[in-house]
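Each remark here refers to the structure printed beneath this line.
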Amino acid sequence: MSSNPCYHDPMPDTRTSTASPTPLPERFFQRDARELAVALLGKVIRRRLGDQWLAARIIETEAYLLEERGSHASLGFTQARRALFMDPGTIYMYYARGGDSMNCSALGEGCGVLLKSAHPVVDAISPPSSLTRMQQLNPQRNGQPRQPERLCAGQTLLCRSLAIRVPEWNARRFDADWLLIEDDGYRPEQVIQAPRLGIPSGRDEHLPYRWVDAAYAPHCTRNPLGRSRLPGRDYRMLDHAQAQASASKGDVTC
């Protein structure tokens with residue numbers, strides 16, 4: 001472990017069975033987007049490139065519903081947004097600030113979850129050479145390797161580090177041979193609930209549909225526990241069961 005308190009080494013392998021990627025079943029995605037956003041925390045995205053499986057654990061998600069004005073689907077059906085109106089578990093890709101961004105559809109037309117940030121995983125399936133490949137795919141602007149904790153610290157960085165692109169994956173299902181999400185047993189002990197980021201004023205920007213694994217809050221898109229943030233006003237700290245219950249109830253308070 002680094003002496004830097006804000007640095008986490010790549011997450012360890014917590015699996016107890018055979019070392020092979022096992023995709024989540026389709027029924028996993030058949031739930032309300034808010035519940036799915038919490039359920040996806042801690043799951044591992046696996047992306048195969050050649051003979052390598054690149055891997056990152058989801059540490060931040062955002063839920064979007066058809067009826068609220070912060071969602072893409074609220075703007076209406078288009079071919080580009082068709083994935084949000086397809087079966088739960090369909091990949092929805094779009095461009096954000098010039099980069100690729102990955103979501104998946106949830107239960108109910110127009111509802112989905114944005115995979116906001118993740119953290120590299122090194123294990124039996126994705127050894128250190130896979131992490132090196134991710135660093136090659138997503139270097140710093142000066143060409144130097146990006147630190148592991150910054151590789152997937154945002155939705156476009158995540159897609160760049162795993163080579164997941166809009167033209168290839170929009171409106172597709174997860175593929176057990178090339179791109180999947182799996183459960184290796186990890187669960188966040190504490191979950192932060194907060195308003196989503198970047199929602200324009202007047203488009204339901206107050207809704208607390210952002211979820212973060214508290215242990216990795218310094219490595220998400222923007223740390224919800226920053227010095228200017230206050231519990232009860234800007235976020236809520238919940239244990240995993242409380243987060244699931246809040247999402248299930250559709251709680252809209254911090």
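Please read these numbers as outputs of a predicted model, since none were measured by experiment.
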Query raised in the report: Is the Lys NZ or Arg CZ of Arg46 less than 6.0 Å from the centre of Trp53's six-membered ring, within 45° of the axis?
Result: no
Query raised in the report: Is the side chain of Glu182 donor-acceptor paired with the backbone N or O of Leu24 at a distance under 3.5 Å, no angle test?
Result: no
Requested in this report: Show your working on side chain to side chain contact (heavy atoms under 4.5 Å, CB included) between Leu36 and Cys104 and close with a plain yes or no.
Outcome: CA-CA 10 Å; Leu36 181 58; Cys104 62; 4.1 Å; yes
Query raised in the report: Is Met86 reachable from Ile181 through a run of hydrophobic residues whose side-chain heavy atoms are each under 4.5 Å from the next?
Result: no
Query raised in the report: Atom CZ in Arg187, atom CD in Glu189: separation rounded to 0.5 Å?
Result: 12.5 Å
Query - Side-chain touch His240/Pro188, heavy atoms, less than 4.5 angstrom - result: yes
Query raised in the report: Does some side-chain heavy atom of Val212 sit less than 4.5 Å from a side-chain heavy atom of Ile59?
Result: no
Query raised in the report: Between Glu62 and Arg222, is a salt bridge (Lys or Arg N to Asp or Glu O under 4.0 Å) present by the stated rule, with each step listed?
Result: CA-CA 13 Å; Glu62 290 182 348; Arg222 185 188 304 162; over 6 Å; no
Query - Leu40 vs Val113 side-chain heavy atoms within contact, under 4.5 Å - result: yes
Query - Test item: Ser105 side-chain N/O and Leu84 main-chain N/O as donor-acceptor pair under 3.5 Å - result: no
Report task. Taking all heavy atoms of Asn138 and all of Leu157, pick out the closest pair and write down the distance. Result -> ND2-O, 3.5 Å
Query raised in the report: Do any N or O atoms from the side chain of Asp234 and from the backbone of Leu230 form a donor-acceptor pair under 3.5 angstrom?
Result: yes
Query - Any Ser130 side-chain heavy atom under 4.5 Å of Leu54 side chain - result: yes
Query raised in the report: Should the pair Arg173-Glu26 be classified as a salt bridge under the 4.0 Å nitrogen-to-oxygen rule?
Result: yes
**Report entry** Check: Gln52 side chain, Leu49 main-chain N or O, donor-acceptor pair, under 3.5 Å
**Finding:** no
Query raised in the report: Considering all heavy atoms of both residues, which atom of Arg150 and which atom of Pro218 are nearest to each other, and what is their separation?
Result: NH1-O, 3.7 Å
**Report entry** Gap separating the CD1 atom of Ile58 from the CG atom of Leu158, nearest 0.5 angstrom
**Finding:** 8.0 Å
Query - Salt-bridge contact Arg81-Glu109 (side-chain N to carboxylate O under 4.0 Å) - result: no
**Report entry** Minimum heavy-atom distance between Ser246 and Gln193, given as atom pair plus value
**Finding:** OG-OE1, 3.1 Å
Query raised in the report: Is a donor on one side and an acceptor on the other found under 3.5 Å between the side chain of Arg146 and the backbone of Pro139?
Result: yes
Report summary line: Given the options Lys116, Arg210, His119, Glu60 meets side-chain hydrogen bond (donor to acceptor under 3.5 Å, both in side chains) only with Arg210
Query raised in the report: So do Ser101 and Leu114 actually touch side chain to side chain, heavy atoms under 4.5 Å?
Result: yes
Query raised in the report: So, Tyr64 and Asp204: side-chain donor and acceptor under 3.5 Å apart, yes or no?
Result: no
Query raised in the report: About how many Å separate NE2 of His206 and CZ of Arg196, when rounded to the nearest 0.5 Å?
Result: 9.0 Å
Report task. Report yes or no: do Leu115 and Tyr92 belong to one cluster of Ile/Leu/Val/Met/Phe/Trp/Tyr joined by side chain heavy-atom distances under 4.5 Å? Result -> no
Query - Contact check, side chains of Leu151 and Leu131, non-hydrogen atoms, under 4.5 Å - result: yes
**Report entry** Pairing of Asp100 and Arg165 as salt bridge, 4.0 angstrom limit
**Finding:** no
Query raised in the report: Please walk me through it: do Gln155 and Arg160 pass side chain to side chain contact (heavy atoms under 4.5 Å, CB included)?
Result: CA-CA 9 Å; Gln155 61 204 71; Arg160 192 180 307 152; over 6 Å; no
Query raised in the report: Roughly how far, to the nearest 0.5 Å, is the OG atom of Ser126 from the CZ atom of Arg48?
Result: 12.0 Å
Requested in this report: Say whether, by atom type as modelled, one donor and one acceptor occur between the side chain of Arg203 and the main chain of Arg69 under 3.5 angstrom.
Outcome: yes
Query raised in the report: According to a 4.5 Å side-chain heavy-atom criterion applied to Ile, Leu, Val, Met, Phe, Trp and Tyr, with indirect links allowed, do Leu179 and Met134 form part of one hydrophobic cluster?
Result: yes
Report task. Could you tell me which residues satisfy side chain to side chain contact (heavy atoms under 4.5 Å, CB included) with Ala39, sequence neighbours excluded, listed by chain and number? Result -> Phe28, Arg31
Query raised in the report: Should Leu162 and Ile45 count as side-chain neighbours, where that means a heavy-atom distance under 4.5 Å?
Result: yes
Requested in this report: Provide the closest heavy-atom pair for Leu225 versus Ala217 in the form atom of the first, atom of the second, distance.
Outcome: CD1-CB, 4.1 Å
Requested in this report: Please report the closest heavy-atom contact between Ala106 and Pro88, naming both atoms and the distance.
Outcome: O-CG, 3.6 Å
Query raised in the report: Would Leu197 end up clustered with Trp211 when hydrophobic side chains under 4.5 Å apart are linked, directly or stepwise?
Result: no
Report task. Could you tell me whether a side-chain N or O of Asp239 sits under 3.5 Å from a main-chain N or O of Val191, the two making a donor and an acceptor? Result -> no
**Report entry** Check: Arg57 side chain, Gly42 main-chain N or O, donor-acceptor pair, under 3.5 Å
**Finding:** yes
Requested in this report: Salt-bridge test for Asp251 and Arg34: reply yes if a basic N is under 4.0 Å from a carboxylate O, no otherwise.
Outcome: no
Report task. Assess whether side chain to side chain contact (heavy atoms under 4.5 Å, CB included) is satisfied between Cys152 and Ser117, documenting all intermediate values. Result -> CA-CA 6 Å; Cys152 306; Ser117 63; 5.7 Å; no
Report summary line: Nearest heavy-atom approach of Gly112 to Ala33 is O-CB, 3.6 Å
Query - Single-linkage hydrophobic cluster Leu107~Leu41, side-chain heavy atoms < 4.5 angstrom - result: no
**Report entry** cation_pi(Arg82, Phe77) dist<6.0 Å, angle<=45
**Finding:** no
**Report entry** Check against side chain to side chain contact (heavy atoms under 4.5 Å, CB included), Trp169 and Phe174
**Finding:** CA-CA 9 Å; Trp169 287 102; Phe174 289 101; over 6 Å; no
Report task. Kindly say whether Gly70 contributes a backbone atom to a donor-acceptor pair with the side chain of Glu68 at under 3.5 angstrom? Result -> yes
**Report entry** Any donor-acceptor N/O pair, Ser71 side chain to Glu67 backbone, under 3.5 Å
**Finding:** no
Report task. Any chance you could measure Ile192, atom CD1, to Leu238, atom CG, to the nearest 0.5 Å? Result -> 9.5 Å
Query - pair Val44-Asp183: side-chain heavy atoms closer than 4.5 Å - result: no
Report summary line: Rounded to the nearest 0.5 angstrom, the CZ-CD distance for Arg236 and Gln190 is 13.5 Å
